[in-house]
Every structure is written in C-alpha cells, then in structure tokens.
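Below is one structure, written out as structure tokens; the observations come after it.
On a predicted model such as this, the values are computed, not experimentally measured, just so you know. Per chain, numbering begins at 1; letters A, B, ... match sequence-line order.
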Protein chains: 2
Amino acid sequence: MEYQEAKEKFISTWGSLGTLWGINKAMAQIQALLFISTKPLSMEEVMEELKISRGNTSMNLRQLMDWGIVTKEIVRGERKEFFTTEKDVQELARIVAKERSRREIKPVIKVLEEVSSIKDDGTEKTKELIKQTKALKDLTDDLDTLMNKLVNQKQNWLTKSVFKLMK
Amino acid sequence: MEYQEAKEKFISTWGSLGTLWGINKAMAQIQALLFISTKPLSMEEVMEELKISRGNTSMNLRQLMDWGIVTKEIVRGERKEFFTTEKDVQELARIVAKERSRREIKPVIKVLEEVSSIKDDGTEKTKELIKQTKALKDLTDDLDTLMNKLVNQKQNWLTKSVFKLMK
DNA sequence: ATAAACTTTCAATAATTATTGAAAGTTTAG
DNA sequence: CTAAACTTTCAATAATTATTGAAAGTTTAT
C-alpha cells in the first residue's frame, strides 16, 4: 500500500468511526487529516484535501476547537489562519472522554435521577420503574466515574489500568 | 412527577441516548419500554405504547434480538409472540460492550494495523502517518482490552474496578 | 478611509437514515 | 387442506442531518 492510499484509507475509516466517539464525519476527517499532517494546515488546504466546501470546513473546524481538539496557529508572515490538532493520543482520549461526560452522560444521569425519585404509589409498575431507572443511574454513574478516573491519570494511564485489572 | 410522565421521560431520554451506545432511537425506546415493563410485551403492545408501525417494531425487535438484548417469550395459550429484555444492568452493559467491540472496534483496529504497516519510504510524511496510526492503534487496542476485561468480570465488576483505580 | 484577504453565517439543497404500510410469507388450529 | 392469526419484507415516503455557496462580516495593510 502506498502513502496516498494509506492516508485516504485512514481518513475515511476514522471519519466513519466518528459516531463511536460522538462527532460527525467531516469533523472526524478533518481531525484525522491534521493528525497525520507534518505541519499546520490552512482552511484552503483542508478544503482541498478533503474536497469539502469552505462553509463546511469553517463550521467543523470551529466545532473541533470547541471540543478543544484543534487549535489555531499563527504563522508569521501569513495572513490566513492555520490549524493543528493535539498529537498525543492519550491527551486526545482524555479530552474526548471529558467532553462526552459533560455533554452527554451528566445530563442523562440527571434525568435518571429525576425519574427514579418519583413518589412510590405502591403499584408494581411504579416500583419497577423506580428500581430499574435507579439501577441504570447507578451504572451510568459508575461508568462515568471510572472513565473520569482513568482519564485523569496522566501518562500511560491506559496501560497502567489494563495492567491493574489483569491481576 | 406522575408515573406516566416519568415513564415517557425515561423512554424518550433513553431513546435519544441510543447513539451513545450505538443503536438507533426506536431500538433504544423499545428496549427502554421492555426494561421497565413488569411483564413480557407483544408486538401489538409495543406498537401501541410507542406509537410506531408494525414494520418498524418488527425490524427493531429483530435487531435487539441480534444484539442479544431482547428475547422471545412463549406465553402458554397465546398464539402471538412476547418479548422481554435483559433486566440486569450489569449483564446489559456486558452484552453491549462485547457487541460494540466486535462490530466496531475490532474492524477499526484491523484497518489501523494495515495502514500503520505500510513501507517506510523515508519521507517525513510517511513516517508521521506510520507513527500516528500506530499510536492510535495501540490506544484503541488498550481501550478494547480494558473494556473486555472490565466486562468479563462477573458481579459488581464496575464497582470493584472503580474502587481499584481509586487507590 | 478603502480595498484586499480572509472567515463566518445561514437559507437552500442534497444525502442519509428512519419509518410506514401493505403485500407476501409463515405458522397453527381445526 | 384452508383459513385465520400473526410476522416479515421492502419499496415508497418522511424526517433528520450534513453540505454547499454566496452574501455578510471581519481583519489587516496601505
């Protein structure tokens, strides 16, 4: 496999995987492109490489910046803006985990708390609703805590954690 | 909040959360409905409760069965089929984690392996592609391993794991 | 201040994904 | 075997989500 083919394969795979880590295709592809680039890229270059419109590029770069995954670079002597992504995969994973916890998991925990604390009217169906949503809330809470714990240990947290759990 | 409102809130929240665990809205809603039901439900009942068509119900129940989350129940004296979902949240999480690993993570690892093992032609960009996809592959591998380890410990695995990592 | 270089916004449109419903298929009872 | 009861399939359609491109906005150089 040649460089160009490998590059395209990587970008498209990573793009379609976007859903797995909760972002859309274009966003994931832009991030992938920056991730294997040896230098910061301009909007023009991103558009060109991925064959997407200026508007799309602009919006998705903004979202990536909102997530904290991509940052603007100033290149001296250049008028236009350049972009880079976090290059350390561990740091990347840490950012993604934190953001997903904040954006998706925390709000769900809140709803589960509300639902599971309705008044027990003594009926079987109410008891079941309370019991099951409570269990789900506890599980979600635990998963969220675990994720945040994992992710807050700097340096090789994953490897360390895997090792710990193997014992 | 009354039972009916709480129920609807739970089903719709869980439905919109579907993406987080990788399934679609209707699938997630059906699962949610079964999850808080005190008895197996027929297709008719599911359609009725969620206001969705027969075809949609049939297809999504099938998918849930493919995932191993929902099972058919035979109720004596009844011609039609009834459905139940796994009621234990830990077991549920275990099934979901395993399926996502198999369906989504493993295939990505395979692509990352292919891409990261292209011939190093000595250019900077090829080196960068190899280095970064390799790092991503290792991370994904670690996450997958961790997830499977977590999930294969029966009984309170999550609580135990959280505890372990707190030390 | 003006104009060029560049970025953002957003209504229109395209692409994708989910849903319907009716026809075809299957199973069971008699 | 036949008919009723039930389920599945799938082409058509609806709903949702992503993308475009051009106008409006911003910044910088002179």
Anything below 3.5 Å on both distances counts as a pair; with that, list the stems of at least three consecutive Watson-Crick or G-U pairs involving DNA chain D. C:1-30 with D:1-30
Looking at every strand, decide which applies to A:E81 at a 4.0 Å heavy-atom threshold: base, sugar-phosphate, or nothing. sugar-phosphate
Tell whether A:R79 reaches the base of D:dT27 with its side chain through a donor-acceptor pair below 3.5 angstrom. yes
Quick one about A:Q31 and A:T85 (side-chain donor to acceptor, distance below 3.5 Å, no hydrogens or angles considered), yes or no? yes
A:E8 side chain to A:E5 main-chain N or O, any donor-acceptor pair under 3.5 Å? no
Distance check: side-chain N/O of A:S58 vs OP1/OP2 of C:dT8, anything under 4.0 Å? yes
Under 6.0 Å from the CD atom of B:E124, do we count more than 12 heavy atoms belonging to anything else shown? no
Ion pair check, B:E128 and B:K125, cut-off under 4.0 Å: no
From D:dT20, D:dC6, C:dT8, nucleotide with atom closest to B:K80 side chain: D:dC6
Name of the residue among B:K134, B:K137, B:K106 meeting salt bridge (charged side-chain N to carboxylate O under 4.0 Å, His left out) with B:E113: B:K137
Within 45° cone of A:W67 ring axis and under 6.0 Å: A:R103 NZ or CZ: yes
So B:N24, base contact, sugar-phosphate only, or nothing? Heavy-atom distance under 4.0 Å. sugar-phosphate
